[in-house]
Amino acid sequence: MRHALVLAIALVFASAGATAAPPTSIPAADTPAAQLHALFDKAWNQEHAKPAPGSTDYKQLWGDPSIAHEQRQLADAKANLAALKEIDVAQLDPNDQLSRRLFEYQLDDAIAPAAYPDDAQGLITQLWGPQLAGNELRDEHFAKAEGYENLVRKLDATGDYLDAFTTRLKQAMAQGITQPREVMERVPDEIAANIAKDPVESPFYAPFKKLPDSIPAASQAKLQAEAKQAITQVINPAYEKFLAFFRNDYLPHARTVASVSSLPGGKAYYAYLVRHYTTTDMTPRQIHDMGLKLVEQIHGEMEAVFRQIGFKGSYKEFVHYLRTDPKFYYSDPDDLLQAYRAAAKRIDPHLTDVLSLWMQPRQPWGVRVIPASLAPNTYPAYADVPYMSVNLYKPQSRPKYEIQVLTCHEGRPGHNLQIPVAEELDNLPKFRRHAYYNAFGEGWALYAETLCDKPMGLFDEDPYSKFGYLNYQMWRAVRLVVDTGIHEDGWTRAQAVKYMQDHTALADQNIATEVDRYIVWPGQALSYMIGEQQILALREEAKTKLGDKYDLKNFDDVVLGQGSLPMAVLKEVVDKWIDNTLAGKPADQLPFACKPRTVETCATPAAAAK
């Protein structure tokens, strides 16, 4: 079930590590709907249990990486699935029937990885793992001393956690299950970044640097002294020990082949990951062939912009020009940051062009910087809702012509629109508001880039920016070829890098980190283009069937109005809206709502079914 954690770019640490709540029976209820929502609440509390007050148990404070805990989670999922099947579906209203179906989908998906021991290869990568925990704590802030006292206890438990995590890695290694050494060579520097001679400079000390005035000065001094002591006596020795293990034991035993299919049973495991991340039944070969066709199609569009620019030379020479001419890059990181913030401001006035005002999220958003210790090995930017976090490492490798399109994807109308909209759908149970299916979330964010093109027109004034937009579409099409090339066809890292260099205008720094990402995170990169293509196909279907009743904002409202969904379910939701509209319901009424421009569902099952 490890892959489910990294959907949110989570670390093993990031769950705040509570152990699962002990199973409890569902309270007696009069109706199947009450039973259903009680089961939703039970499962949510199991997954989000909080540490006991004053706990010093690393399992509660950091999380339990053991096989035994994985087995308990599996048992919980199977028990909840059995309980779900006891509930009479026919007695549920349509909205609850959909929630039930999605809950079953999630439980099935949580149970599935147990059939694939290779899932343990995802315990640690250069993108997540305990070596990045310090950076994950940087936003921890509390109004009262109690919160910081718990954080000190968490720091004190770090050594025990790392020991348990090391044990789990060794168990996987004994089965021949590791990440490739070629990529994992990035990790020792990440581990070393947690070891600070001066505890004030430790990433784990960041929450203690400025404590709130609500905490008395004497208590502040005590908390800061305790944090420094924990860093000196626990954090530093624990990470020194983990670093020695990783260098001397893990790396020498890491696999030498990039493809996850090289692991025992790896072919079947990769096919499962493809289904998981795309939420479709597509095979790796179908996706590879689809990618080849899209690469050819998008290349033609890029050629047209290239001719519009009027560059004197070949297309290949033009791409070289984009990668190497200093005028396309900032030399000062602060200038790059300001350019991202300006791009965000250009977006905001156009958001009501693509989503109705009543569906706009209340949550504001902004742009901030990825910590320097993470920057060399991570993405050009990522959504860290309510922020878009941007990478200022080597600004001379961050093209200006990619800034606007990247902001559309990670900011708005991409992730920083879709995720807050879902979280604010108070008519849905928690598990739906916080669900994240990769094909939906990443598909929406890539679709959002097309919205920034038309109707928002954000690339119209600068042909280089338009080329950057098309280059990003190409990037995601190339992923279909490269991910399947690596993990289905056995491509080497060098082959993958060359394919991306030959077919995109991405900077070499980006290509290197991207290929390493595809190697350690099989299948995830497929979700972007698969999701976007599904959404675009549904939009074309709606245009054709609805004719003059079609409106882009209504369509986008419907896509986002049920939270994150698997692709097949999204199609059913859109089809239901189309049918309702053709039957005479207002086009701005969501499929399960009782009136236009609201997410409110009907008061009774009978009314809901109308």
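- The existence of a salt bridge linking E572 and R101 is confirmed by a sub-4.0 Å separation between a basic side-chain nitrogen and an acidic carboxylate oxygen.
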Could you check D556 against L451 for side chain to side chain contact (heavy atoms under 4.5 Å, CB included), going step by step and ending with a plain yes or no? CA-CA 10 Å; D556 290 345; L451 296 177; 3.8 Å; yes

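- In the displayed structure, D281 atom CG is contacted under 6.0 Å by at most 12 heavy atoms of other residues, nucleotides or ligands.
- Expressed to the nearest 0.5 Å, how far CG of L98 lies from CG of L92 amounts to 11.0 Å.
- Judged by the 6.0 Å and 45° rule, K576 forms a cation-pi pair with F592.
- Ion pairing between R72 and D64 holds under the 4.0 Å rule for side-chain N and carboxylate O.
- The aromatic rings of Y379 and Y382 sit perpendicular to each other, their planes meeting at more than 60°, with 30° as the lower class boundary.
- Between Y270 and G523, the shortest heavy-atom contact is CE1-N, 3.9 Å.
- Ion pair D384/R138 flagged as a salt bridge, since at least one NZ, NE, NH1 or NH2 atom sits closer than 4.0 Å to an Asp/Glu carboxylate oxygen.
- The pair D579-K585 does not meet the salt-bridge criterion, since no charged nitrogen lies less than 4.0 angstrom from a carboxylate oxygen.
- Between Y518 and M500 there is a side-chain heavy-atom pair separated by less than 4.5 Å.
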Please evaluate residues R517 and Q524 with respect to the criterion side-chain hydrogen bond (donor to acceptor under 3.5 Å, both in side chains), reporting the C-alpha separation (whole Å), side-chain torsions for both, the decisive distance (0.1 Å), and the verdict. CA-CA 9 Å; R517 168 189 169 187; Q524 191 271 345; 2.7 Å; yes

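- For the atom pair CG of N510 and OG of S397, the computed distance is 8.0 Å after rounding to the nearest 0.5 Å.
- Taking both residues in full, the closest heavy atoms of P420 and V385 are given as CG-CG1, 4.0 Å, listed atom of the first, atom of the second, then distance.
- Salt bridge status for R433 with E424: absent, with no side-chain N to carboxylate O gap under 4.0 Å.
- Between F431 and F40, the angle of the ring planes lies from 30° to 60°, which puts this pair in the tilted group.
- A salt bridge links K466 to D453: one of the charged nitrogens lies within less than 4.0 Å of a carboxylate oxygen.
- Side-chain N/O atoms of E532 and Q473 include a donor and acceptor closer than 3.5 Å.
- Within a 6.0 Å sphere centred on NZ of K209, heavy atoms belonging to other residues, nucleotides or ligands number more than 12.
- Ionic pairing of E402 and R398 is not present here: no N-O contact between side-chain nitrogen and carboxylate oxygen is shorter than 4.0 angstrom.
- Nearest heavy-atom pair across L526 and T278 is CB-CG2, 4.0 Å.
- Between N427 and T601 the shortest heavy-atom distance is ND2-CG2, 4.3 Å.
- No side-chain heavy atom of D588 sits less than 4.5 Å from a side-chain heavy atom of K553.
- Residues Q126 and V183 meet the side-chain proximity criterion, which asks for heavy atoms closer than 4.5 Å.
- Checked against the 6.0 Å centroid threshold, H415 and W444 do not count as a close aromatic pair.
- Contact check for E104 versus D108: side-chain heavy atoms found under the 4.5 Å cut-off.
- A salt bridge does not link E190 to R186: none of the charged nitrogens lies less than 4.0 Å from a carboxylate oxygen.
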Salt bridge (Lys or Arg N to Asp or Glu O under 4.0 Å) assessment of K543 paired with D551: CA-CA 8 Å; K543 283 182 180 178; D551 180 82; over 6 Å; no

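- Contact record, L137 with P207: O-CG, 3.2 Å, taken as the closest heavy-atom pair.
- For D96 and R100, the salt-bridge test fails: no basic side-chain N is under 4.0 Å from an acidic carboxylate O.
- Looking at N391, its side chain does come within 3.5 Å of a backbone N or O of A375 through a donor-acceptor pair.
- Salt-bridge check for E442 with R476: failed, with every basic side-chain N at 4.0 Å or more from each acidic carboxylate O.
- Here the CE atom belonging to M388 is positioned 4.0 Å from the CG atom belonging to L406, to the nearest 0.5 angstrom.
- Taking CG of N554 as the start and CG of L590 as the end, the distance is 9.0 Å to the nearest 0.5 Å.
- Taking 4.5 Å as the limit, some side-chain heavy atom of L294 sits within range of a side-chain heavy atom of Q533.
- The 12-atom threshold is exceeded at OH of Y105, counting heavy atoms of other residues, nucleotides or ligands nearer than 6.0 Å.
- Residues Q418 and V559 form no side-chain contact, since every pair of their non-hydrogen atoms from C-beta on lies 4.5 Å or further apart.
- Annotation: side chain of D516 is not in contact with side chain of T125 (no heavy-atom distance under 4.5 Å).
- Salt bridge status for R412 with D348: absent, with no side-chain N to carboxylate O gap under 4.0 Å.
- Residues T280 and Q534 are in side-chain contact: their nearest non-hydrogen atoms beyond the backbone lie under 4.5 Å apart.
- Between L425 and G563, the shortest heavy-atom distance links the atoms CD1-N, 3.4 Å.
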